[in-house]
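Below is one structure; the comments refer to it alone.
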Protein chains: 2
Amino acid sequence: MHKPAPNNSLKTACSTCNLRELCLPVNLSNIEMTRLDDLITRKGVYRHGSILYRSGDKFQALYAIRTGFFKTQILNEDGREQVTGFQMAGEIIGMDGINSDAHTCDAVALEDSEVCEIPFNRLEDLSRDLPPLQRHLHRILSREIVRDQNIMLLLGSMRAEERLAAFLLNLSQRFAVRGYSPTSFQLRMTRQEIGSYLGLKLETVSRALSHLQEGKLINVRNRSLEILCLSGLQASMGKRAR
Amino acid sequence: MHKPAPNNSLKTACSTCNLRELCLPVNLSNIEMTRLDDLITRKGVYRHGSILYRSGDKFQALYAIRTGFFKTQILNEDGREQVTGFQMAGEIIGMDGINSDAHTCDAVALEDSEVCEIPFNRLEDLSRDLPPLQRHLHRILSREIVRDQNIMLLLGSMRAEERLAAFLLNLSQRFAVRGYSPTSFQLRMTRQEIGSYLGLKLETVSRALSHLQEGKLINVRNRSLEILCLSGLQASMGKRAR
DNA sequence: TGTTAATTTTGACATAGATCAAGCCTTAAG
DNA sequence: CTTAAGGCTTGATCTATGTCAAAATTAACA
């Protein structure tokens, strides 16, 4: 495991960030936007494998991903591990920590990544002054709830291949929103990490990928993935309830 | 399915509610508490089986459960259903709707229940004035995220009997907090609903209950459940990872 | 109160996915 | 460039849980 590069505390400007529409799509005046800029600092680069925060760390800030890719995972007492999400540029992580003032999961960089730090106390202060910002914060929190509940649906009621199809379609859609190809991208995580996220063993993930490939729905070679038939993938979900 | 009783719009007083410490444990002055009271109205009784809100309904309010028991569930396109939670008195539901201004799950009363309606716009307004209330709202939202992620862990990595043990211990603890017996209580939901929540079939739930009973950890007869050995139940989780 | 419908339990059997194992491939390090 | 370590695939087998079915119990309702 690497250490993050030293914190240079570079000032960040949301106002000029090209992820603005994704990350904080709030209608603010110039002067209001400046106040937001003042809040947020760019933290140094997190190298592949390094840890943004750990379970148990004091909660102080949310983090907006500028570039790169993270996973979040929880570990219970007996060492069992569950990947709870994969996060990409423009997404905000750390909300698990608000409740108890301590993080309840680990956030690990899956490639070299940059994040913006948003001190939460100051975000609360500012959001009392700026109702659109307040509303946006609430939406982000709620979105996370909805997202998690959809994963519960996936884990509770889909079979292996459906879970994988849902996972790939979700990635596809998120790449598309960011202006990348929805049909051709690199997987940033191992089969084991995909398996943990989907409640499957890595062998099952591998077999399901192979099977989707046999069916001409995808092409997969190591980490590079090509979706050959989006609608076919969609159809391969929802075949039959478990 | 019954209709809810007509909305009498009774005024509620959080200030005198005996669930206050559970529901809104916020340190407010008397005058501030009055402003909170003004916000909240008691809705009529929801009979067993009736629906508090449905997926797709416009989101307007959060609901605090005064008495009774609810389940929340999502249904995907192909009719698959997943119970996402069971909620009891003092708990707040409806947060799924904030993100998109529409609810994304159904909330169904599992017994005759009363709720307090908290109009969300007005809650936002008031929480801009009252920082402790704002902080509490954020904690509630975050707590829901943490809760959901722990269910992901359960669904993704535990075997049937462990899931059931975790479920029973969770209920036990929540009853304890409310001053009820942690070792003897009624299940308010069917085996099928438990199964949906835990990602299991009802037969598996039934068998796992029988098996825990054979092991002298619980006594179960229909909906009445007695925990004979809390520590044994705890131990029966975390035996072996899947 | 009697009748029907829903819920629960239990058994027999089927199967999706886990486990174990081997070999290959890719990437990182020396 | 070589070697080692981690990651991936595929096959053979095992097992937890699903599926199907029947009977028993309980709850709902006329």
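No experiment lies behind these values; they were computed from the predicted model shown. By convention in this document, chain letters (A, B, ...) are assigned in the order of the sequence lines, proteins followed by strands, and residues within each chain are numbered from 1. Computed from heavy atoms alone, side chains included, the values below leave out hydrogens, waters and symmetry copies.
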Point to revise | Net bend of the helix from C:dT1-D:dA30 to C:dG30-D:dC1, end axes of five pairs each, nearest 10 degrees | key: 60°

**Study point:** Heavy-atom closest pair, residues B:V83 and B:E193
**Key:** CG2-O, 3.9 Å

Point to revise | Under 3.5 Å donor-acceptor, A:E117 side chain and A:I40 backbone | key: no

Revision key, fill the gap. Protein-proximity profile, nucleotides 2-9 of chain C, B/S/- by nucleotide at the 4.0 Å heavy-atom cutoff, equals -----SSB

Check your understanding: Starting at CD1 of A:I194 and ending at P of D:dG7, how long is that distance when rounded to a whole Å?
Key -> 13 Å

Revision key, fill the gap. Smallest heavy-atom separation, A:I51 atom then A:Y46 atom, equals O-CE2, 3.6 Å

Check your understanding: In whole angstrom, what separates A:M158's CE from C:dG17's C1'?
Key -> 17 Å

Point to revise | Separation of D:dC8 P from A:Q213 CD (nearest whole Å) | key: 15 Å

**Study point:** Length of the NE2-P vector between A:H211 and D:dT10, whole Å
**Key:** 12 Å

Exercise for review: Please state how far atom NE2 in B:H48 lies from atom P in D:dC29, giving the value in whole angstrom units.
Suggested key: 10 Å

Review point. Counting only N and O atoms by type, is there a donor-acceptor contact under 3.5 Å from the side chain of B:Y53 to the main-chain atoms of B:H103?
Key: no

Pairs: protein N or O with nucleotides 3-6 of chain D N or O, under 3.5 Å:
none

Revision key, fill the gap. Here the distance between atom C1' of C:dC20 and atom NZ of A:K201, to the nearest Å, is 13 Å

Check your understanding: Quick one: do B:E111 and B:R47 make a salt bridge, cutoff under 4.0 Å?
Key -> no

**Study point:** Between C1' of D:dT17 and CZ of B:R159, the distance in whole Å
**Key:** 10 Å

Exercise for review: Between B:T204 and A:T204, just flag the one whose closest nucleotide in DNA chain C comes earlier from the 5' side.
Suggested key: B:T204

Review point. Sub-3.5 Å donor-acceptor pair from the side chain of A:Q149 to the main-chain atoms of A:V146, do we have one?
Key: no

Review point. Of A:I218, A:V205, A:L233, which is the lone residue that meets side chain to side chain contact (heavy atoms under 4.5 Å, CB included) with A:L164?
Key: A:V205

Check your understanding: Could you give the CD-to-C1' distance, from B:E161 to D:dT15, as a whole number of Å?
Key -> 15 Å

Review point. Any chance the rings of A:F86 and A:F70 have centres within less than 6.0 Å?
Key: no

Practice item. Sort out for me which residue in B:L209, B:L200, B:T204 forms a side chain to side chain contact (heavy atoms under 4.5 Å, CB included) with B:R191. Key: B:L209

Practice item. Please check if the distance between the ring centroids of A:Y180 and A:F185 is under 6.0 Å. Key: no

**Study point:** Side-chain (A:R178) to main-chain (A:A89) donor-acceptor, under 3.5 angstrom
**Key:** yes

